[in-house]
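Taking it in order: structure first as structure tokens, then the write-up.
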Amino acid sequence: AVLFRHDLPAGVAADGTPPAAHPPLRWVSENLRWLFALEPSETESPGWYESRVHPDDRASLLSTLAELPQAESVVLEYRLLHGDGTFRWVRDERRIRTDREDGSLAPDAKEVEVVGVLTDITRSQELEAARVAAEGASRAKTEFLSRMSHELRTPLTAVLGFGQLL
């Protein structure tokens, strides 16, 4: 898993548009190297995160992150570009951390930040897809055998009946 910290994202604009960019990271664990083949220093450039999120997942991700101040924690699953050029499924868990004992976002809270963990769930997604495909194949096989059994039984009954007459 990759641990990280970043500033609280800006909220949704009055017209409902989510923020245009992911807030810069304050810190990211060294696990980024072996899990995603990325150097922690790569996270310092503006827009690095958005450029690595799959285009189909980007709007949903930014919209959900904009809701984080109200939700105080979010769990997301989306595709992130690995250093080898392939997309990997990640589980992204984030929550707000403050200096208050109750952890609330009260107006007097200081040191408001988001802490999170990214976990590579590509293998679980692949296994789930394989399970769904196997269940579909099993249903198709069962239906095929059921129909073939019926199709064979009907003419065989006639042949057997004719054979008994002889």
Side-chain angles (χ1 to χ4, degrees), residues 1-6 9 11-13 15-23 25 28-40 42-43 47-97 103 114-166:
V2 175
L3 306 174
F4 60 91
R5 295 177 14 203
H6 65 78
V12 174
D15 65 356
T17 307
H22 186 276
L25 293 182
V28 64
S29 68
E30 295 289 322
N31 292 350
L32 192 65
R33 277 192 186 106
W34 66 267
L35 197 59
F36 294 107
L38 300 171
E39 289 298 320
E42 292 180 56
T43 66
W48 81 273
Y49 196 75
E50 292 81 5
S51 68
R52 296 215 168 259
V53 174
H54 192 281
D56 295 344
D57 301 334
R58 195 172 296 140
S60 172
L61 170 72
L62 291 174
S63 175
T64 302
L65 289 180
E67 297 168 8
L68 185 59
Q70 292 77 32
E72 295 188 16
S73 69
V74 293
V75 177
L76 305 140
E77 291 183 0
Y78 55 91
R79 292 160 290 183
L80 194 65
L81 186 62
H82 188 272
D84 67 6
T86 62
F87 280 98
R88 305 280 174 95
W89 279 97
V90 295
R91 180 179 174 91
D92 184 343
E93 300 177 54
R94 301 179 191 211
R95 73 176 188 82
I96 294 177
R97 191 186 77 128
V114 176
V115 293
V117 60
L118 286 177
T119 308
D120 188 343
I121 60 168
T122 303
R123 185 73 178 137
S124 345
Q125 291 286 344
E126 290 169 348
L127 291 173
E128 177 65 17
R131 183 189 63 77
V132 168
E135 286 176 353
S138 178
R139 277 192 302 276
K141 177 195 72 156
T142 301
E143 185 177 325
F144 172 77
L145 290 175
S146 171
R147 288 180 189 219
M148 286 308 296
S149 172
H150 174 73
E151 294 296 326
L152 289 173
R153 203 171 341 141
T154 303
L156 282 177
T157 304
V159 169
L160 290 175
F162 184 70
Q164 287 177 352
L165 285 175
L166 294 176

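Starting from 1, each residue takes its place in the sequence as its number.
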CD of Glu30 to CD of Glu39: how many Å apart, nearest 0.5 Å?
8.0 Å
Could you check whether any side-chain N or O of Thr122 sits under 3.5 Å from a backbone N or O of Trp89, counting only pairs where one atom can act as donor and the other as acceptor?
yes
What's the spacing between Asp56 CG and Arg79 CZ if we round to 0.5 Å?
5.0 Å
Nearest 0.5 angstrom please: Ser63 OG to Leu68 CG, how far?
12.0 Å
So, are Glu135 and Arg131 salt-bridged, with charged N and O less than 4.0 Å apart?
yes
Verdict with supporting geometry, Val75 and Asp92, side chain to side chain contact (heavy atoms under 4.5 Å, CB included)
CA-CA 6 Å; Val75 177; Asp92 184 343; over 6 Å; no
I need the single residue from Arg139, Arg147, Lys141 that forms a side chain to side chain donor-acceptor pair (under 3.5 Å) with Glu143. Which is it?
Arg147
Under 3.5 Å donor-acceptor, Arg94 side chain and Val74 backbone:
no
Which value, rounded to the nearest 0.5 Å, describes the distance between Arg88 atom CZ and Thr119 atom OG1?
14.0 Å
Do you know the tightest heavy-atom contact between Phe87 and His54?
CE2-CA, 3.6 Å
How about Leu80 and Val53: do any of their side-chain heavy atoms sit closer than 4.5 Å?
yes
Please answer whether the main-chain N or O of Ser138 pairs with a side-chain N or O of Thr142 as donor and acceptor at a distance below 3.5 Å.
yes
Step by step, work out the side chain to side chain contact (heavy atoms under 4.5 Å, CB included) result for His82 and Asp120.
CA-CA 10 Å; His82 188 272; Asp120 188 343; 5.6 Å; no
Is a side-chain donor or acceptor of Ser51 paired with a backbone partner of Trp48 at a separation under 3.5 angstrom?
yes
Residues Leu76, Asp57; criterion side chain to side chain contact (heavy atoms under 4.5 Å, CB included); working and verdict:
CA-CA 10 Å; Leu76 305 140; Asp57 301 334; over 6 Å; no
